[in-house]
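Let me begin by presenting the structure, written as structure tokens, before commenting on it.
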Amino acid sequence: MKKLFGGIKLTWLKLIIFAVIAGVYTGIMAFIPAAKDTSFADISISFECWILFGILIIINSRSAIDSALKCFVFFLISQPLVYLVQVPFNIQDWGIFGYYRNWILWTILTFPMGFIGHFMKKDKWWGLCILTPMLLFLGVHYMRFLSETRFSFPHHLLSMTFCAVTMILYPIYIFKTQKIRIAGLVISICIILGMTVWGFVSGHVVYNTTLLISSDSADGVYFDKEYKAYLEDESFGTAEIVYADSIEEYMVNVGFLKTGTTKLILESPTGDRREFNVVIYRDRYDCIPAD
């Protein structure tokens, strides 16, 4: 681990190869179905792995300007590759590069961040001030993954763990002075504990959607405000019948609290019931009549 944090001779050739591998891998994870909504695809939409890459480049660079240039070139190569790899497989074709706009500013900012970050190697107290904002940023990621894991366990558990572990490792391996290490470790632990409490207090991730729309057609499902709608297992969330003025119809709206399989029960004023098998995913669902 010590070799990783400062013991690598980071040549430009190694940096370019590293950038190509990171970009291609991220692009692949972004489009393969097996990785969808898992920790393996999180690298394509969040920062935790890229923070690690940036810190490793900073710690293994020779000077502040060397660190700034290598961080900038690494992201300049890797980020466009993420989208280039997806072009043949994405319905937007080259239009997918529209998402790259979000990364252009971050790529530019890696130059000053790489320059300033290099001064963490001076092993001074103010180096901890440079690291702390990154720890807080990781803490926010940790809290988000905690919420996602609660919604669709064990999805994103690996990303949540990755954030917590790297927050612990950074102060231990970036700094050499024992007091600074301990102070950094205390900061990381406090952030993790604080974000954990915040994550639970702020409640579940909720997937809100419409399951059914009332219809008088022969193959439709009719209901109105006199009906009741509820999920067989209430731990999956809530269901209610609402009237939509925009379409002048009644709808069954749900708020899912986790993924899995349950039933939606639609009950008439006379006690007649219709059941629907519902399979809940992170951002989609299947709803099929059970009868």
Side-chain angles (χ1 to χ4, degrees), residues 1-23 25-26 42-82 102-142 159 162-192 195:
M1 190 66 74
K2 288 183 179 179
K3 181 174 177 60
L4 193 64
F5 284 86
I8 298 174
K9 186 178 180 181
L10 188 61
T11 63
W12 280 102
L13 178 59
K14 289 179 181 178
L15 179 88
I16 292 170
I17 293 173
F18 181 25
V20 170
I21 293 173
Y25 172 81
T26 303
D42 286 334
I43 189 174
S44 65
I45 56 176
S46 57
F47 290 85
E48 66 283 349
C49 288
W50 300 102
I51 290 173
L52 173 62
F53 298 158
I55 286 179
L56 292 180
I57 293 169
I58 288 169
I59 298 303
N60 288 287
S61 296
R62 298 188 307 274
S63 64
I65 190 64
D66 185 53
S67 173
L69 287 170
K70 283 178 176 173
C71 282
F72 177 71
V73 171
F74 173 80
F75 282 89
L76 189 64
I77 293 172
S78 61
Q79 294 312 302
L81 275 176
V82 171
N102 301 325
W103 280 96
I104 292 175
L105 179 60
W106 283 107
T107 300
I108 295 171
L109 289 174
T110 58
F111 188 90
M113 287 192 292
F115 188 91
I116 295 170
H118 179 78
F119 291 95
M120 290 188 294
K121 294 180 67 174
K122 301 296 183 181
D123 201 35
K124 301 294 183 181
W125 281 101
W126 38 263
L128 195 55
C129 296
I130 297 172
L131 178 64
T132 298
M134 287 184 275
L135 296 177
L136 286 168
F137 194 36
L138 271 172
V140 173
H141 281 61
Y142 165 82
S159 292
F162 179 90
C163 290
V165 170
T166 52
M167 288 171 68
I168 297 297
L169 291 179
Y170 291 151
I172 293 176
Y173 286 99
I174 289 174
F175 304 110
K176 297 181 178 62
T177 302
Q178 189 71 4
K179 289 183 178 180
I180 301 178
R181 284 179 169 177
I182 293 173
L185 188 58
V186 169
I187 290 172
S188 291
I189 292 174
C190 287
I191 292 172
I192 292 170
M195 291 298 178

>> Per the side-chain hydrogen bond (donor to acceptor under 3.5 Å, both in side chains) rule, what does the pair list look like for residues 48-68, sequence neighbours excluded?
In response: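 Those involving residues 48-68 are Ser46-Glu48, Asp66-Lys70.
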
>> Listing request: all side-chain hydrogen bond (donor to acceptor under 3.5 Å, both in side chains) pairs with a residue in residues 177-187, at least two apart in sequence or in separate chains.
In response: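 Sorted result for residues 177-187: Asp123-Thr177.
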
> Can you check side-chain contact (heavy atoms from CB on, under 4.5 Å) on Ile43 and Tyr25, steps first, answer last?
Replying inline: CA-CA 9 Å; Ile43 189 174; Tyr25 172 81; 4.2 Å; yes

Straight-line distance of [X] [atom1] to [Y] [atom2], nearest 0.5 Å:
X	Y	atom1	atom2	answer
Phe72	Ile77	CZ	CD1	10.0 Å
Leu10	Ile59	CG	CD1	11.5 Å
Ile192	Leu138	CD1	CG	9.5 Å
Ile189	Leu185	CD1	CG	4.0 Å
Ile16	Ile21	CD1	CD1	12.0 Å

On a heavy-atom basis, which atom in [X] and which in [Y] lie closest, and how many Å separate them?
X	Y	result
Cys71	Ile58	SG-CG1, 3.7 Å
Pro80	Phe75	CD-O, 3.9 Å
Ser78	Ala19	CB-O, 3.4 Å
Gly184	Leu128	CA-CD1, 3.6 Å
Leu135	Ser188	CD1-OG, 3.5 Å

Please table the atom pairs, donor to acceptor, closer than 3.5 Å between any side-chain atom in residues 162-175 and protein atoms at least two apart or in another chain.
residue: Thr166; atom: OG1; partner: Phe162; partner atom: O; Å: 2.8
residue: Thr166; atom: OG1; partner: Cys163; partner atom: O; Å: 3.1
residue: Tyr170; atom: OH; partner: Leu52; partner atom: N; Å: 3.4

> If you count the non-hydrogen atoms of other residues, nucleotides and ligands that lie under 6.0 Å from NZ in Lys14, is the total more than 12?
Replying inline: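 Yes, because the 6.0 Å sphere around NZ of Lys14 holds more than 12 heavy atoms from other groups.
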
Below 3.5 Å, can you tabulate the donor-acceptor pairs from side chains in residues 105-120 to any protein atom, sequence neighbours excluded?
residue: Thr107; atom: OG1; partner: Trp103; partner atom: O; Å: 2.8
residue: Thr110; atom: OG1; partner: Thr107; partner atom: O; Å: 2.4

>> For Trp12 and Leu69: C-alpha separation, side-chain torsions, deciding distance, then whether side-chain contact (heavy atoms from CB on, under 4.5 Å) applies.
In response: CA-CA 10 Å; Trp12 280 102; Leu69 287 170; 3.9 Å; yes

>> I'd like to check the ring pair (Phe, Tyr, Trp, His ring centres under 6.0 Å) partners of Phe18; sequence neighbours left out, ordered by chain and number.
In response: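 For Phe18 the ring pair (Phe, Tyr, Trp, His ring centres under 6.0 Å) partners, ignoring immediate neighbours, are Phe53, Phe74.
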
>> Ile45: which residues meet the side-chain contact (heavy atoms from CB on, under 4.5 Å) condition with it, sequence neighbours left out?
In response: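 Asp42.
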
